[in-house]
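Quick notes on the structure that follows.
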Amino acid sequence: MQESRYNPGRIEQKWQKKWEEQQAFYASREKDSRPEYYVLEMFPYPSGRIHMGHVRNYSIGDVVARTKRMQGFNVLHPMGWDAFGLPAENAAIKNKTHPAHWTYQNISYMREELKRLGYSYDWSKELATCHPGYYKWEQLFFIELYEKGLVYRKKAPVNWCPTCLTVLANEQVEAGLCWRCDTMVENRELSQWFLRISDYAEELLADLDKLSTGWPERVISMQKNWIGKSRGMEIDFSVQGLDRKITVFTTRQDTLFGATFMSLAPEHELVPELISENPAKDSILDFIDRISAQEQEERIAEGAEKEGVFTGRYCVNPVTNEQMPIYLANFVLLEYGTGAVMAVPAHDQRDLEFAGKYDLPVRIVVQPEESVPDSETMSHAFTEPGIAVNSGQFDSKPTSIVQEEIADYLESLGIGRRKVNYRLRDWNISRQRFWGAPIPMIYCPQCGIVPTPRDELPVLLPEDTEMPPDGRSPLPELESFVQATCPRCAAPARRETDTMDTFVESSWYFARFTSPRREDAPFDAGAIKHWLPVDQYIGGIEHAILHLLYARFFVKALRDLGYWDLKEPFANLLTQGMVLKDGAKMSKSKGNVVDPDEMISRFGADTVRLYCLFASPPEKDLEWSDQAIEGSYRFLNRLWRLTHDLFPVISPVGPCLKMNSDELSFEEKELRAVEHDVMRRATRDMLERFQFNTAIAAAMELLNAVNQHKDALKSNKSGQQILSSALSTVLTVLAPIVPHICEELWSFMGYNTPLSAARWPAYDFQAIEKEKITVVIQVNGKLRSSLNVPADIDEEELKRLALADSRIQKHIQGKTMVKLIVIPKKLVNIVVR
RNA sequence: GCGAGAGUGGCGGAAAUGGUAGACGCACUGGACUUAGGAUCCAGCGGUUAGUCCGUGGGGGUUCGACUCCCCCCUCUCGCACCA
């Protein structure tokens, strides 16, 4: 017996159980001829509880998965856990337990939370990246990449976070602060493992074009920016009195004649030699120490004073043959280009400021066409293109030409080379942490660095260890872990104790989802071919650079290891906006967190899902409102009540019922027209535009129309059928959004196959066509009247009616009609003078 | 500074290709039903008037007609930033 009151708790549990028993969302590629569709949401870190951002992300993904299924696709929709990471270590220390324990506990709690939301995941594909069955393959990739030369170890100045006690990748440093804990990052020298992502810079950049139809412009531009390609030259300058040359990178070789001094990064490798005979050596060393000791942030802070020191040496400008004093300058970065800059003060603002401070010559070599700047008084460098002057044989030519001609000239002399430079650096994946995938390398005193043999993988993370309370990784002191035998010479050796950056795990999990239990290989080749690339990827904009760039790189690197011929991981990307409360991101410190569990127990999962999708379109930020969510709850109650009220007259006729319109009454046609039009709009909004808010609005309109027409229609057979069809359409459209209540009402209406397996109906275009339509009449483009006329009215008749309209008459009387514009079925515009 | 996105009622937001601005919802107002209602139902709801006029950040322009297209400007958000 049906309850008359809407009880979300009861029905949600009921349907979740049914879906699970029936394995309704199990994805198999065997014996399935349907086209495949892979929809994936960014998997969560198992922090303990899901938050509203997850709910929004996964609700969007679930609508996509469910609509695609209804559309006849074989949908893969998996979920898993990005399970390595520092918080587990901190929690383990605090609770005197093992990070694995904390992590798996969180996973089981959060899995239940997700299940309570009714997402249509294929839980049989679930994976956790901290499981040896997962990271084993990551270790294999590491070794294969090492053997291919795409992994290397080098001593490098690294970003060290003193709070997290680990190294951070450049991408993980935001304005000089640790991305995770906002601590000021320090510079340190450490030997680290790097992935050669910079080898793929050009391909990563070029392939962004392939993504331009499926990815947001914003993300593409951020990635382009990050890769930072610039074209220019490397130019050699010989140092006077030393058999050395300094190589610079410049994009403005056309200004070479204006290069009047040289700026080096204080850490530049030639510096010791350059200053070795300088009597003021000590003060120069002091300068270097001072600058090097500066925090990264301080050194590159906006408006930081230009500072430098003269080395006492000169180099020679190869085209003017003039002496250029060599300076060390605080603003020159060792990491970019060659760590050396030819200074052209007239045409570079930084160089101009530096020249002003140290009284160095300014020589104008590019002029705008109209005016001539004065090198004595200029305060802003002229950086635009212009005409070359003071540039020998290149004079009077436009700089764009000079660019090429100087490049040719320097190349012919062998002192310069055209060069493309990228801002993208290699990816440092070493972390001095415990809770991560161990880097599978062995240090042998005789043989050096040797990979762990493949048949010894995985290098297991010890499960019986205790976390040192100071937060350091226990691995270096854990002899049972560290002690190894050299695979090459069998001598006692030591294991690498660094673990991998957790972004490595998330760089390939989407592929593992296609065959997550496979034990003899990372991927099932057939499954890869079948499912990949991900058709629709959904997640937060905060991953626009880090995660998405790494994943793209991994796909290309694994392609080069022979795993697939895939070029890109994610064909389409949807970046959803943040969930805000009181205009700000939810956070514990602000005390504006809305707890999903609490909302679910108050209103039910369907209401929470509905609100998340209705309050704004997916890409925009969503402002959480405790008041507005009640509106969503009210709507579901209305849907429930109306369906029950109509119970005596409704029957399972199917959505968008095909009927012969000629035999219907006016009201019947009206409702039927709304129904089919709503179906049309919902199809467009949900399937093509991912604008669920307007699709929901359409469903609400249809329910309003049912309510409005119900008394007139429920007394006869065809009216009842129209009502039943309209209600069925409401349920069908809303099924992907609020699946539990729709399933319940669907079965209540008498359907005996579940809505989750129903087909997305086709609407009847003719049903939408109305017999009488409203045509707007304008005079000089201003709305003056409107007419209710037959849809098939003849144009001449429409003009006649428009001109005869009394309200129109008033506006055109005594004036000359210049023009009469008729837009069929829309409007008439009378232009008078 | 460079790149991207966005400015529409009290609020969240609608308006494919230029063609009734404000769909849908929240809040609010009035009414009905009720012992009561913060439940539900019905009606109203951009501003302003006597029929009007004004309204999509501001200013120009194109057009019979502009939230939509073009130019200039302002504001906000995000990303990058002493990148040579």
List the atom pairs, with distances to 0.1 Å, where a side-chain N or O of residues 706-713 of chain A and a protein N or O form a donor-acceptor pair under 3.5 Å, not counting sequence neighbours.
| unit_1 | atom_1 | unit_2 | atom_2 | d |
| --- | --- | --- | --- | --- |
| A:Asn707 | OD1 | A:Lys710 | NZ | 2.7 |
| A:His709 | ND1 | A:Glu667 | OE1 | 2.8 |
| A:Asp711 | OD1 | A:Lys714 | NZ | 3.3 |

Would you mind classifying the nucleic acid contact of A:Arg350 as base, sugar-phosphate or nothing, using non-hydrogen atoms under 4.0 angstrom? base
Euclidean distance for C1', B:C83 against B:A15 (whole angstrom): 44 Å
Checking contacts here: which listed nucleotide (B:U40, B:G12, B:A84) is nearest the side-chain heavy atoms of A:Ala615? B:G12
Can you find a side chain N or O atom of A:Arg689 that sits less than 4.0 Å from OP1 or OP2 on B:A15? yes
Only one of A:Glu623, A:Gln576, A:Arg56 forms a side-chain hydrogen bond (donor to acceptor under 3.5 Å, both in side chains) with A:Ser616, so which one is it? A:Arg56
At under 4.0 Å between heavy atoms, what does A:Phe635 touch on the DNA or RNA strands: base, sugar-phosphate, or nothing? nothing
Which is it for B:G51, anti or syn, if anything within 90° of zero counts as syn? syn
Using a heavy-atom cut-off of under 4.0 Å over every strand shown, decide if A:Pro617 touches base, sugar-phosphate, or nothing. sugar-phosphate
A:Asp351 near the nucleic acid: base, sugar-phosphate alone, or nothing, with a heavy-atom cut-off under 4.0 Å? nothing
Under 4.0 angstrom, heavy atoms only, what part of the nucleic acid is A:Gln253 near: base, sugar-phosphate, or nothing? nothing
When rounded to the nearest Å, what value does the distance between P atoms of B:C41 and B:A27 take? 13 Å
Which part of the nucleic acid, if any, lies within reach of A:Asp626 when heavy atoms closer than 4.0 Å are counted: base, sugar-phosphate only, or nothing? nothing
What is the nucleic acid contact for A:Ser616, judged by heavy atoms within less than 4.0 Å: base, sugar-phosphate only, or nothing? sugar-phosphate
Testing A:Lys357, A:Arg290, A:Arg350 one by one against A:Glu307 for a salt bridge (charged side-chain N to carboxylate O under 4.0 Å, His left out), which residue passes? A:Arg290
Which dot-bracket notation, 5' to 3', represents the base pairing of RNA chain B when pairs are defined as Watson-Crick or G-U with both distances under 3.5 Å, crossing pairs as [ ], and inter-strand pairs as |? (((((((..(((......[....))).(((((.......))))).((.....))..(((((..]....))))))))))))....
